[in-house]
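Data first, discussion second: the structure below is written as structure tokens.
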Amino acid sequence: MHDFLHQSATALAAAIRNGQCSSAAVVDAHIDHIQKVNPRLNAVVFERFELARQEARLADQRIASAPPGQTLPPLLGVPCTIKENFELEGTPQTSGLVARKGLINTTDAPSVARLRAAGAIVLGVTNCSELCMWMESNNRVYGRSNNPYNPAHIVGGSSGGEGAIIGAGGSPFGLGADVGGSIRMPAFFNGVFGHKPSPGIVPNAGQIPLPEGAIDRYCVTGPLARRAEDLMPLLRILSDAPTSLGDPAKVELSSLKLISIAGNGRHRVSPDMQQAQQRAVEALRPVVAEVQPARIKSLRASFEIWAAMMGAAEPEAFAAQLGRGQAINTPLELLKLMAGRSAHTLPALVLALSEKMPLNQARWQARAQALREQLLELMGPQGVLLYPSYSCAAPRHRAPIYRHTFHWTYCGIINVLELPATQVPLGLNAKGLPVGVQVVGLPGQDHVTIAVAQELERRCGGWQPPDRGT
């Protein structure tokens, strides 16, 4: 059982297919573990354990009765979890919004349907921030999720429940969405892998809130996983055009140029994160063609660029999203919050209040284009960037809104530049919290950042399960 909680989805699928273990045993092991750790984490907020057990038995029957040589679905019998803001038949989809309580899905989002068609068995859905727009997974529907390495610390957002349950060993992989770091930060804070695909690879349909217009390019759907070898198989399953994706196994690392950017010049990167990134550089130095440090002054304006690009995309006002089409009275809700009577969280209300902040959008859009061109030129035809996933290891609860308000832009800037990025765990710091780094690549070169992530996993160890509860 303990071994099931450490293997990749790829390895588990092969073992189930080959008769080395049953899907029922693998699913039971993960359910038992979730029941053990989730009271402390509050990561899985709606479970479908009995249905999962039934699906596992059916998977075992299908394998037992399959004629020799028959091709079976690639994830047949493997458990997983899904972020609560995706449609999944028979489960809620509040996206942390009190006004959506009681609504139950009758269908699956396309990405969820593809995972299930591939044989994956969903154990439950996981917590997120209110309407997926903050880096703490806390809302008035389900409450706050806690970090498996130290429950006094955050899990990140908005796919924080996914990151936490995968980091705790309760799920081999999960599904998240990322418009400002919502896959990579939860993966980072919880010590696992997360991939933000290039835009257009995976459909975003079936989410609340639904990315529309230009935001459909900035928001992407992608996998979180405890092992790097799962990222590309999952991306192929999720993709609209899987045959167009490259193969990490065919990437010649010896031809790569590695550019290491230590920070954005505005939000100081902690010493342990700096050291982790340098370890990654040294680990890769023997296998790549060139290592080059770089400083990019324009990254200092990451927040302004992200905010202007999002604003220019003309999304529905966040205050209206909070009111399900009719804007809430944000000042009144802030007063109600002070009295403990608001249905909304402080970060959501602050965002609703600040969304009308004046920005010269044309100016910042031009800055964004110039920055993108600068990074593409820096990488050249065969380059990748190493860049911090965040400024420090997982902060304590509530710290982000008071002391780290804009530090999420280490991830967010990559979204509006429309580049793929893979978050890679690089061990634990002196306090036992995960550290890591982003590998950022050229548009459409997702297989290259994943190949680098796999190499870093081999050389630096990858996911390290928390001591407690594993």
Side-chain angles (χ1 to χ4, degrees), residues 83 85-86 95 109-111 128-129 131-135 156-159 175-187 194-224 235 238-240 264 298-299 301-318 321 351 354-355 357 359 361-376 385 387 389-390 406-423 438 440-446 449:
K83 183 179 180 181
N85 82 310
F86 284 90
S95 197
S111 51
C128 57
S129 48
L131 280 184
C132 299
M133 286 302 287
W134 183 237
M135 54 175 293
S158 59
S159 311
L175 183 68
D178 187 321
V179 75
S182 291
I183 289 173
R184 288 158 292 153
M185 284 193 298
H195 183 69
K196 183 205 94 64
S198 298
I201 289 179
V202 182
N204 285 322
Q207 292 185 53
I208 296 293
L210 180 66
E212 297 181 297
I215 290 180
D216 195 46
R217 301 284 301 172
Y218 308 149
C219 181
V220 292
T221 296
L224 295 85
L235 194 58
L238 294 167
S239 173
D240 283 331
N264 63 16
S298 295
L299 287 169
S302 291
F303 170 72
E304 289 83 358
I305 291 172
W306 183 90
M309 296 294 280
M310 291 290 289
E314 297 184 347
E316 181 184 16
F318 191 65
Q321 293 181 47
L351 176 58
S354 64
E355 64 183 338
M357 180 179 65
L359 281 172
Q361 290 181 347
R363 175 194 174 198
W364 291 111
Q365 284 179 288
R367 290 279 294 272
Q369 183 61 32
L371 174 58
R372 189 174 193 270
E373 291 173 0
Q374 183 180 7
L375 292 179
L376 293 179
L385 309 175
Y387 192 55
S389 299
Y390 192 69
F406 301 114
H407 293 211
W408 53 268
T409 53
Y410 272 105
C411 283
I413 189 64
I414 308 302
N415 292 77
V416 295
L417 298 180
E418 301 187 27
L419 304 175
T422 307
Q423 140 61 29
Q438 288 184 88
V440 182
L442 297 164
Q445 298 294 296
D446 297 66
T449 67

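Along the sequence shown, residues carry numbers from 1. Note that these values count all heavy atoms, side chains included, but never hydrogens, waters or copies made by symmetry.
Residues that satisfy the side chain to side chain donor-acceptor pair (under 3.5 Å) test with Asn85, not counting sequence neighbours, are Gln207.
For the residue pair Ala421 and His195, the shortest heavy atom distance occurs at O-ND1, 3.4 Å. Pairing each heavy atom of Phe86 with each of Gly176, the nearest pair is CZ-O, 3.7 Å. Residue Ala205 comes nearest to Leu210 through the heavy atom pair CA-CD1, 3.9 Å, listed as atom of the first residue, atom of the second, then distance. In plain terms, the two heavy atoms of Pro203 and Leu238 that are nearest each other are CD-O, 3.6 Å. Between Val202 and Ser111, the shortest heavy-atom contact is CG1-CB, 4.5 Å. For the residue pair Ile208 and Ser95, the shortest heavy atom distance occurs at O-OG, 2.8 Å.
Put simply, the side chain of Asp446 gets close to the backbone of Ser198: a donor and an acceptor are under 3.5 Å apart. Under a 3.5 Å cut-off, the side chain of Gln423 and the backbone N or O of Gly181 do not form any donor-acceptor pair. No side-chain donor-acceptor contact under 3.5 Å links Asp178 to the backbone of Gly222. Tyr387 places no side-chain N or O within 3.5 Å of a backbone atom of Tyr410 that could act as its donor or acceptor partner. Looking only at distances, no side-chain donor or acceptor of Ser182 sits under 3.5 Å from a matching main-chain atom of Ser159. Listed for the Arg184 side chain is a donor-acceptor partner under 3.5 Å among the backbone atoms of Cys411. Without hydrogens or angle criteria, Thr221 side chain to Ala177 main chain gives no donor-acceptor distance under 3.5 Å. Remark: the backbone N or O of Glu316 is paired with a side-chain donor or acceptor of Gln321 at under 3.5 angstrom.
When each of Ile414, Thr449, Thr422 is checked for a side chain to side chain contact (heavy atoms under 4.5 Å, CB included) with Lys196, only Ile414 meets the rule.
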Sequence neighbours left out, cut at 3.5 Å: what donor-acceptor pairs do the side chains of residues 301-312 make with other protein atoms?
| unit_1 | atom_1 | unit_2 | atom_2 | d |
| --- | --- | --- | --- | --- |
| Ser302 | OG | Leu299 | O | 2.6 |
| Glu304 | OE1 | Arg266 | NH1 | 2.8 |
| Glu304 | OE2 | Arg266 | NH1 | 3.1 |
| Glu304 | OE2 | Arg266 | NH2 | 3.0 |
| Trp306 | NE1 | Val179 | O | 3.2 |

Check residues 368-375 and write down every donor-acceptor pair under 3.5 Å in which the side-chain atom is one partner and the other belongs to a residue at least two apart or another chain.
| unit_1 | atom_1 | unit_2 | atom_2 | d |
| --- | --- | --- | --- | --- |
| Gln369 | NE2 | Glu373 | OE2 | 2.9 |
| Arg372 | NE | Leu417 | O | 2.7 |

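Contact annotation: the side chain of Leu131 approaches that of Phe318 to within less than 4.5 Å [non-hydrogen atoms, C-beta and beyond]. Contact check for Cys132 versus Lys83: side-chain heavy atoms found under the 4.5 Å cut-off.
In this structure, a donor-acceptor pair under 3.5 Å is absent between the side chains of Ser158 and Ser129.
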Chi angles and distances behind the side chain to side chain contact (heavy atoms under 4.5 Å, CB included) call for Leu419, Leu376: CA-CA 10 Å; Leu419 304 175; Leu376 293 179; 4.0 Å; yes
